[in-house]
Amino acid sequence: MKVQNYQIPKSSFLSVEKDISIITDWMLKNNRLKKLLHYTTKDAMSKPNLTQEETIELIGKNIKLVPKLYIDGSVLAYIIISFDNFSPNASNPQFRDNIISFDIVCHFDQWQLQDFKLRPYRIAAELDTMFNEKHLTGIGTLKFLGASQIVLNNEYAGLSLMYEAIHGEEDKKGMLNPAEQEEFENDFNNLFND
């Protein structure tokens, strides 16, 4: 009888990929947010809704999942989603707290919208409406921790929104599907068969 000496990954870090999927799905359903990111004119809110093709192009171009910003001359508004500050929960060490940040970065020429509205703050309002007190994969709801202004250089600045999330057993269920579990087991076994 062969004894299995491995364990299928069970970690709250697996919740990051699940949360990214939920977050981007919600963002791509928000027509106001998509207009603010895609259109560079002051009347962005009165422009037509984005096509499905334009919506898909936002990921990786305007909506960044990797915390590195490559400035594209045609893209002037960005949202960078990041997960940071993982720590044990104070009241239950089986759970982990972390911060989900939304860095909103806009070219200074694009800040001003019509009627004294400022693009970064309008984007922040859309994100806050979508995520504050909402449930992702963790337990409880996201809690708004604060926002602060960020200035990258003499052309780009914006806001950073921060939300606390708590992840527990719900996020430690292992792989997303049996095929991924089988792939993991095969990879693990191949480590010792080579």
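- The shortest distance between side-chain heavy atoms of Ile166 and Arg96 does not fall below 4.5 Å.
- In this structure, the salt bridge (Lys or Arg N to Asp or Glu O under 4.0 Å) partners of Lys29, at least two apart in sequence or on a different chain, are Asp25.
- Proximity of Leu76 to Asp109: side-chain heavy atoms (C-beta onward) are nowhere separated by under 4.5 Å.
- Residue Ile23 is grouped with residue Ile59 when hydrophobic side chains (ILVMFWY) are merged at heavy-atom distances under 4.5 angstrom, including chains of intermediate members.
- Under a 3.5 Å cut-off, the side chain of Asn85 and the backbone N or O of Ile99 do not form any donor-acceptor pair.
- Atom CG of Leu58 sits about 12.0 Å away from atom CD of Glu53, to the nearest 0.5 Å.
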Kindly determine whether Asn132 and Thr141 satisfy side-chain contact (heavy atoms from CB on, under 4.5 Å), including the steps that lead there. CA-CA 8 Å; Asn132 190 36; Thr141 59; over 6 Å; no
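- For the residue pair Ser87 / Asp97, no side-chain donor-acceptor distance below 3.5 Å is found, with atom types taken as modelled.
- Put simply, the side chain of Ile150 does not reach to within 4.5 Å of the side chain of Ile104, judged on heavy atoms.
- Residues forming a side-chain hydrogen bond (donor to acceptor under 3.5 Å, both in side chains) with Asn92 (at least two apart in sequence, or on another chain): none.
- Sequence neighbours left out, not one pair with a member in residues 30-64 passes ring pair (Phe, Tyr, Trp, His ring centres under 6.0 Å).
- Within the structure, ring pair (Phe, Tyr, Trp, His ring centres under 6.0 Å) contacts touching residues 103-128 (residues at least two apart or in different chains) are His107-Tyr156, Phe108-Trp111.
- Interatomic distance, Leu161 CG to Ser101 OG, rounded to the nearest 0.5 Å: 8.5 Å.
- Under the side-chain contact (heavy atoms from CB on, under 4.5 Å) rule, Asp19 has a single partner from Thr24, Asn98, Ile81, Leu136, which is Leu136.
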Using the rule given for side-chain contact (heavy atoms from CB on, under 4.5 Å), can you reason through Thr55 versus Lys34, listing the C-alpha separation, both sets of side-chain angles and the distance that settles it, and then say yes or no? CA-CA 7 Å; Thr55 296; Lys34 293 187 301 185; 3.2 Å; yes
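- Within the 4.5 Å cutoff, the side chain of Ile100 has no heavy atoms near those of the Met162 side chain.
- At most 12 heavy atoms of other shown residues, nucleotides or ligands fall within 6.0 angstrom of atom NZ in Lys42.
- Side-chain contact check for Met27 versus Asn30: every heavy-atom pair is 4.5 Å or farther apart.
- No side-chain donor-acceptor contact under 3.5 Å links Ser82 and Asp84.
- Note on Val151: it does not cluster hydrophobically with Val105, by side-chain heavy-atom contacts below 4.5 Å among ILVMFWY residues.
- The shortest side-chain heavy-atom distance between Gln52 and Ile56 falls under the 4.5 Å cut-off.
- Between Phe131 and Phe102, the two ring planes are parallel [angle under 30°; tilted spans 30° to 60°].
- From Asp103, atom CG reaches atom CG of Leu159 across 9.5 Å, with rounding to the nearest 0.5 Å.
- Side-chain contact between Leu33 and Leu127 is present, with at least one heavy-atom pair separated by less than 4.5 Å.
- Here the OG1 atom belonging to Thr137 is positioned 10.5 Å from the CD1 atom belonging to Ile20, to the nearest 0.5 angstrom.
- Contacts classified as salt bridge (charged side-chain N to carboxylate O under 4.0 Å, His left out) and involving residues 117-135 (residues at least two apart or in different chains) are given here: Arg32-Glu126, Glu133-Lys143.
- In this structure a side-chain-to-backbone donor-acceptor pair under 3.5 Å is present from Asn62 to Ala77.
- Ile123 is listed as a side-chain neighbour of Leu37, based on a closest heavy-atom distance under 4.5 Å.
- Residues satisfying the salt bridge (Lys or Arg N to Asp or Glu O under 4.0 Å) test with Lys47, not counting sequence neighbours, are none.
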